[in-house]
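In what follows, a structure is listed as structure tokens, so that the remarks can point back to it.
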Amino acid sequence: MAAALLANVLYSGGFVLEKRALAALPEVTVRRPGRLLRLVLGSPLWIGGSLALAAGFAAQLIVYRTLPIAAAQGIFVSGLVLLVLLSARLLGEETTGRERYALAAILGALLMVVLSLDEGTDTVSHGAPYPLVLLLCVPSLAGGVWLYRAAERRASRRHRMPTTGVEYGVAVGLLYGVSSLAIKGVSGYWSGGDIGGALLGVLRSPYPYLLLFTGAFGLVMSQAALQRCRASLIVPVCTTVTCLYTAVLGTLSFGEALPDDPLRLALRLAGTALAVTVLLTMPKHDPAPQPPAPAKELTPP
């Protein structure tokens, strides 16, 4: 539990630091990844944010060794509250009333998932069949990259409305969902005391290579999206997609059984359905800026 809460703080702080650093940099794009990396690696503030995120991943490894996947996701998503507060305080970002209701509904949905957990019956699995993992992960990676490219094409059109970044968040969330499954897989090899054997087992598995792919593409895609969209919206959407993806597909692939109690099962399924519904109905565009009202002419009395 302590590691999960620490991961929340590190993730939220890391994203806010990266957003502040990106705001001071020239515009970056996925079409020029070399330039993007050169710019961000020259920013000490961005490097600090990245180190915080890396420490969050390390804390996540500890969490996956001790908690079921669905329980871990429920705790991770609670960090959205901290992220929104930090974005408002440090970045000056404001969310609309509809977006606040949507975020509250997402938190409520994932609270339902947490309430569906039973410490006495829920089990922690440490392995999954490699073919099943690849069958789930490869189409998800392709879908995430395709959705991101589609969002980029729409954003490049003339006379477009300002985007909120929901599509970017979903695309990057799919990549980070695969990354989360890979972290869960890696954590299973460190349950014993044989470090050499654990390292050899990890290298023989698909997990480090999935992490390498999602790390490289996720870095470039997330930074370009984070620069042009509000962190207070794109990060919660990304986090929700990642948590739902990991909770649903991770539970299935790693063989962590669904609740036997009908009430707990209903809570888990209803919470998942509510979160997906909220994501599908969130606004895709920011309101267009209103032109200033013409100044009234002053007439002499």
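For the single chain, residues carry numbers from 1 onward in sequence order.
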For the residue pair [X] and [Y], confirm or rule out a side-chain donor-acceptor distance under 3.5 Å.
X      : Y      : answer
Glu27  : Gln227 : no
Tyr148 : Glu167 : no
Tyr245 : Ser180 : no

- Task: Run through the side-chain heavy atoms of Ile, Leu, Val, Met, Phe, Trp and Tyr, join any pair under 4.5 Å, and report what else lands in Leu200's cluster.
- Result: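 Hydrophobic cluster check, Leu200: no partners found.
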- List, by chain and number, the other hydrophobic cluster members for Leu45, where Ile, Leu, Val, Met, Phe, Trp and Tyr join if side-chain heavy atoms come within less than 4.5 Å, directly or indirectly.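 For the cluster that includes Leu45, the remaining residues are Leu17.
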Can you tell if the side chain of [X] reaches within under 4.5 Å of the side chain of [Y], non-hydrogen atoms only?
X      : Y      : result
Val40  : Leu25  : yes
Ser179 : Ile183 : yes
Ser222 : Glu18  : no
Met221 : Leu175 : yes
Leu37  : Leu219 : yes
Val235 : Leu226 : yes
Cys238 : Thr242 : yes
Leu147 : Val170 : yes

- Task: Could you pull out the closest heavy-atom pair between Leu174 and Gly143, with the gap in Å?
- Result: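 Closest pair (atom of Leu174, atom of Gly143, distance): CD1-C, 4.2 Å.
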- Query: Can any side-chain N or O of Thr29 pair as donor or acceptor with the backbone N or O of Arg32 at less than 3.5 Å?
  - Reply: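 No: the side chain of Thr29 does not pair with the backbone of Arg32.
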- Message: Test your reading of the model: is there a side-chain donor-acceptor pair from Ser205 to the backbone of Val202, 3.5 Å cut-off?
- Response: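 Checking the backbone N and O of Val202 against the side chain of Ser205, a donor-acceptor pair under 3.5 Å is found.
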- Non-neighbouring partners of Tyr11 that pass ring-ring contact (aromatic ring centres under 6.0 Å, His included), sequence neighbours left out: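 ring-ring contact (aromatic ring centres under 6.0 Å, His included) list for Tyr11, sorted by chain: Phe57.
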- Supply the atom-to-atom distance Leu181 CG to Leu210 CG, rounded to the nearest 0.5 angstrom.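 Between Leu181 CG and Leu210 CG, I get 8.5 Å after rounding to 0.5 Å.
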- Please test Lys184 against Gln60 for side-chain contact (heavy atoms from CB on, under 4.5 Å), starting from the C-alpha separation and ending with a verdict. CA-CA 8 Å; Lys184 168 66 178 177; Gln60 198 174 356; over 6 Å; no
- Proximity of Phe213 and Phe217 rings by center, below 6.0 Å: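 Yes.
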- Neighbour count above 12 (heavy atom, 6.0 Å) for Arg35 CZ: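 Yes, the 6.0 Å shell around CZ holds more than 12 heavy atoms from other groups.
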